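Inspection log for the structure reproduced underneath, given as structure tokens.
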Amino acid sequence: QLVGLGLGFVLGPVGTLTGNREEVISGRMSIKGSYSSDGRYSPYLWTNPATTPLRAEHTYRIELKYRILQTPSAGFEVLFLSGKAIAAGNFLRSLTISGRTGDSGTGRFEVKLGNYDDYRAVFNVVGTGTIVVDDIRITDLDTAGDRGTHRHVRDRARSRDLLGPSRSLLLVFRRGL
């Protein structure tokens, strides 16, 4: 039984996998982002552009479940970033999750990417705080059509086809694969 992020996601410098039953949202493990020092925009997770390319000028939806473990000083952010877009001064809107310790819910937002080929989804602790996320779903709305959602699980056997026929990536932990 393999448990990990698979090929589609990379843990950032302030990200970990947690199996603590009091922190896990669903399944055996969840992704935890925690930062408690000076600084802003500390990434705890991002998509791997080599294995999960995001298409320029396509509209994407990100959905995720979250639980706040430590009240954030400035929130938690989910966004699409492109180094080329940043260099050109082009930024897209983002999802900011705020609240207090113990708050939980579902975050969701949609955005159309610009004309750049190096986008990735990035999950940040903006100031200080701790969040746990799980059941992350990234869907290309321009190609998903009516084919439903194609699930992908974080294990070596199933993580190769990261954006399958429906162009949707679902990040979940499951037992007994």
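Bear in mind the structure is a predicted one, so any value in this text is a computation, not a measurement. Note that the numbering runs from 1 along the sequence shown for the chain.
Between Leu113 and Tyr60, the shortest heavy-atom contact is CD1-CE1, 3.5 Å. When every heavy atom of Asp140 is checked against every heavy atom of Arg55, the shortest pair comes out as OD2-CD, 4.0 Å. Across all their heavy atoms, Ile138 and Phe9 have their closest contact at CD1-CZ, 4.0 Å. Considering all non-hydrogen atoms of both residues, Pro43 and Val122 come closest at CB-CG1, 4.2 Å. Across all their heavy atoms, Pro72 and Ser98 have their closest contact at CG-CA, 4.5 Å. Across Lys32 and Leu69, no two heavy atoms sit closer than the pair CE-CD1, 4.1 Å.
Side chains of Tyr35 and Asn124: no donor on one and acceptor on the other come within 3.5 Å. Between the side chains of Ser30 and Thr18, no donor N or O sits under 3.5 Å from an acceptor N or O. No side-chain donor-acceptor contact under 3.5 Å links Ser36 and Thr128. Remark: the Gln70 side chain and the Thr101 side chain contain no N/O donor-acceptor pair separated by less than 3.5 Å.
One hydrophobic cluster, built from ILVMFWY side chains closer than 4.5 Å, holds both Val14 and Ile131. Both Phe76 and Leu95 are part of a single hydrophobic cluster, where members link through side-chain heavy atoms under 4.5 Å apart. Side-chain heavy atoms closer than 4.5 Å link hydrophobic residues (I, L, V, M, F, W, Y) into clusters, and following such links, possibly through other members, connects Ile68 to Ile136. Under the 4.5 Å side-chain contact rule for hydrophobic residues, Leu92 and Ile97 share a cluster. Using a 4.5 Å cut-off between side-chain heavy atoms of Ile, Leu, Val, Met, Phe, Trp and Tyr, with links allowed through other members, Val133 and Met29 fall into the same hydrophobic cluster.
Separation of atoms CZ (Phe123) and OH (Tyr66) is listed at 14.0 Å; rounding is to 0.5 Å. A distance of 14.0 Å separates CZ in Arg108 from NZ in Lys65, rounded to the nearest 0.5 Å. With rounding to the nearest 0.5 angstrom, the CG atom of Leu17 is 11.0 Å from the CZ atom of Arg28. Distance check, rounded to the nearest 0.5 Å: CG of Leu79 to CD1 of Ile62 gives 8.0 Å. The CG atom of Leu54 sits 10.0 Å away from the OH atom of Tyr119 when rounded to the nearest 0.5 Å. Here the OH atom belonging to Tyr116 is positioned 13.0 Å from the CG atom belonging to Leu81, to the nearest 0.5 angstrom.
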Check against side-chain hydrogen bond (donor to acceptor under 3.5 Å, both in side chains), Thr96 and Glu77 = CA-CA 5 Å; Thr96 300; Glu77 180 183 47; 5.1 Å; no
request  = Go through the steps for Asp117 and Lys84 under the test salt bridge (charged side-chain N to carboxylate O under 4.0 Å, His left out), then give the verdict.
outcome  = CA-CA 8 Å; Asp117 62 0; Lys84 294 175 184 177; 2.6 Å; yes
Stepwise side chain to side chain contact (heavy atoms under 4.5 Å, CB included) check, Thr71 with Asp103 = CA-CA 9 Å; Thr71 301; Asp103 288 352; over 6 Å; no
Working for side chain to side chain contact (heavy atoms under 4.5 Å, CB included), residues Val132 and Ile31 = CA-CA 5 Å; Val132 175; Ile31 299 163; over 6 Å; no
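When atom types are taken as modelled, the side chain of Asp135 and the backbone of Leu64 share no donor-acceptor pair closer than 3.5 angstrom. No side-chain donor-acceptor contact under 3.5 Å links Tyr44 to the backbone of Thr130.
The pair Arg67-Asp134 does not count as a salt bridge, with every side-chain nitrogen at least 4.0 angstrom from each carboxylate oxygen. Salt-bridge formation is not detected for the pair Lys112/Glu57: no Lys NZ or Arg NE/NH1/NH2 atom is positioned less than 4.0 Å from an Asp or Glu carboxylate oxygen.
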